[in-house]
Each structure stands twice: as C-alpha cells, then as structure tokens.
Amino acid sequence: MNGISLPVIKVKMVVVGDAGVGKTSLAVRFTDNSFIQHYKQTVGASFCSRTLDFKDKTVVFNIWDTAGQERFRSLVPMYLRDAGIALVVYDISSHKSFENVESWLLQLQQYGPRDLKCALIGNKVDLEDDLREVPTQEEDGVSREGELLAEGHGLYFEETSAKTGEGIDKVFNDIGSVLVEGCKKEKQPSTVSICDSYVHQKRKTCCF
Ligand SMILES: Nc1nc2c(ncn2[C@@H]2O[C@H](COP(=O)(O)OP(=O)(O)OP(=O)(O)O)[C@@H](O)[C@H]2O)c(=O)[nH]1
C-alpha cells in the first residue's frame, strides 16, 4: 500500500439471460475466482462486488446476478433501476438461450435506463465442439451467429467460460477501460459523481 487512493468509478452491472446459461457462475468466477459445478437456481437475484484498478482509476463493479427462471422475470425491471451496464448471457450449447437474447434486449430497452450499455456474452465456451449450437465461425454456410447479433445491435461481444475463466477478465477489463476512458473526457474527471453520471448520460442506444 502506498497510501494513494485512485479516483473511484462505481458501476451497477445487471446480468440477465435464460436459466442455466451461467450468469451466477460468471459473477462468481469474476468476484471469487471459483466455479460451482452443481446447478443451484438463483431466487430473485444475488449481489456481489469486485474492484479493479486501472492506471489512474479504480472501478467498482457492483453486480446484480438476476434469476433466469420465467417465474422471476417480472422482478428484472426492479434490478435495472440505475444500472449502468447489462450483460446479456446465453449458453453456446443452447440455441434456445441464444434465440431468447432478443427478448432480453427488449426487456432492457423497455425497463432499463435510457442510456444503459449492454454487452452480449456467449458462455460455456469450454464445452466440446459437438455440443456447440451457436456457431462462432462461419462453417458450412452457417454464419457466426453470436458475433452477427452483437454487430446488428452494436453490442460488445465476447465468448467466455465461467468454468475455466476464459474471456472473463477480458470482459471486465474492456468494460472498465470504456468507463475510465469516458471519465477522462469529462471536465472534472476526478469526482465520482461525474464519472457515474457519464455512465448514465453518455449512452443513447442499447449498445456498448
Ligand atoms: N461447462 C460449463 N458449465 C458451466 C459454465 N457456466 C456455468 N456452468 C454450469 O451451468 C449450470 C448453471 O449455471 P448457473 O451459473 O447457476 O446458471 P444461471 O444462469 O445463474 O442460472 P439461473 O440462476 O437459474 O438463472 C451449473 O451447473 C454450472 O456449473 C461454463 O462456463 N462451462
């Protein structure tokens, strides 16, 4: 510890997506660097947090991991209040979960803050190739669905594995860098409230 604390950017992140796609596992991998093999469905939502230091800023990710089960869906708008970032997660071995991304995006547009930033995450990339139902590369005339959907909506996109950790640090580092860069453009970048308000004001569309 050198006693110097960096200016802090706090961001509320909400994780949405179908049941079982690995939302809790992603949050746990990022905040605790661990993986839970057995599936325990989230009830309502759970909260966790992690701080990442960048060159001249600290970003605090306050993460709300929502429940994907249909019966909890009506609760999601409550968690979207004041959110800065939403991760929409699908499972690369479940085409159904990918098809449902559109309805998650619609829900974010309807109930999220007007300037919510969204990222699309294809999880479980560690699974065997023959289990993959959502192609990532152009193969046999089948296009890169995840990437194309993200491009179509102007979303940040990454494939991850909560099991091995692949891609997860990259997602949070990329998002944190965008927030830090955003703050630098502000006139008084050192104050938390301005950094926070940048997150809320700057976004015009549902994109990263
Ligand atoms: N192979 C593999 N399995 C994963 C991965 N992420 C999650 N899982 C498994 O998928 C199952 C569901 O994971 P959860 O993280 O509970 O899924 P969730 O999206 O939070 O589910 P809900 O709480 O019902 O919304 C668990 O058995 C996890 O171990 C991954 O990256 N790879």
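For ligands, and for the atoms within them, numbers begin at 1 and follow the listed sequence. As the structure is a prediction and not an experimental result, all values here were calculated from the model.
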Requested in this report: Could you please spell out the steps behind the salt bridge (charged side-chain N to carboxylate O under 4.0 Å, His left out) verdict for Glu166 and Lys124?
Outcome: CA-CA 9 Å; Glu166 183 179 340; Lys124 306 197 186 180; over 6 Å; no
Report task. Could you name each residue pair satisfying ring-ring contact (aromatic ring centres under 6.0 Å, His included) that touches residues 38-58, not counting sequence neighbours? Result -> Phe47-Trp64
Any donor-acceptor N or O pair under 3.5 Å, side chains [X], [Y]:
X      : Y     : answer
Thr24  : Asp65 : yes
Asn123 : Asp91 : no
Ser97  : Asp18 : no

Query - Close residues, ligand 1: non-hydrogen atom nearer than 4.0 Å - result: Asp18, Ala19, Gly20, Val21, Gly22, Lys23, Thr24, Ser25, Phe35, Ile36, Gln37, His38, Tyr39, Gln41, Thr42, Ala67, Gly68, Asn123, Lys124, Asp126, Leu127, Ser161, Ala162, Lys163
Report task. Say whether Val21 and Tyr156 are linked into one hydrophobic cluster, either directly or through other cluster members, by side-chain heavy-atom distances under 4.5 angstrom. Result -> yes
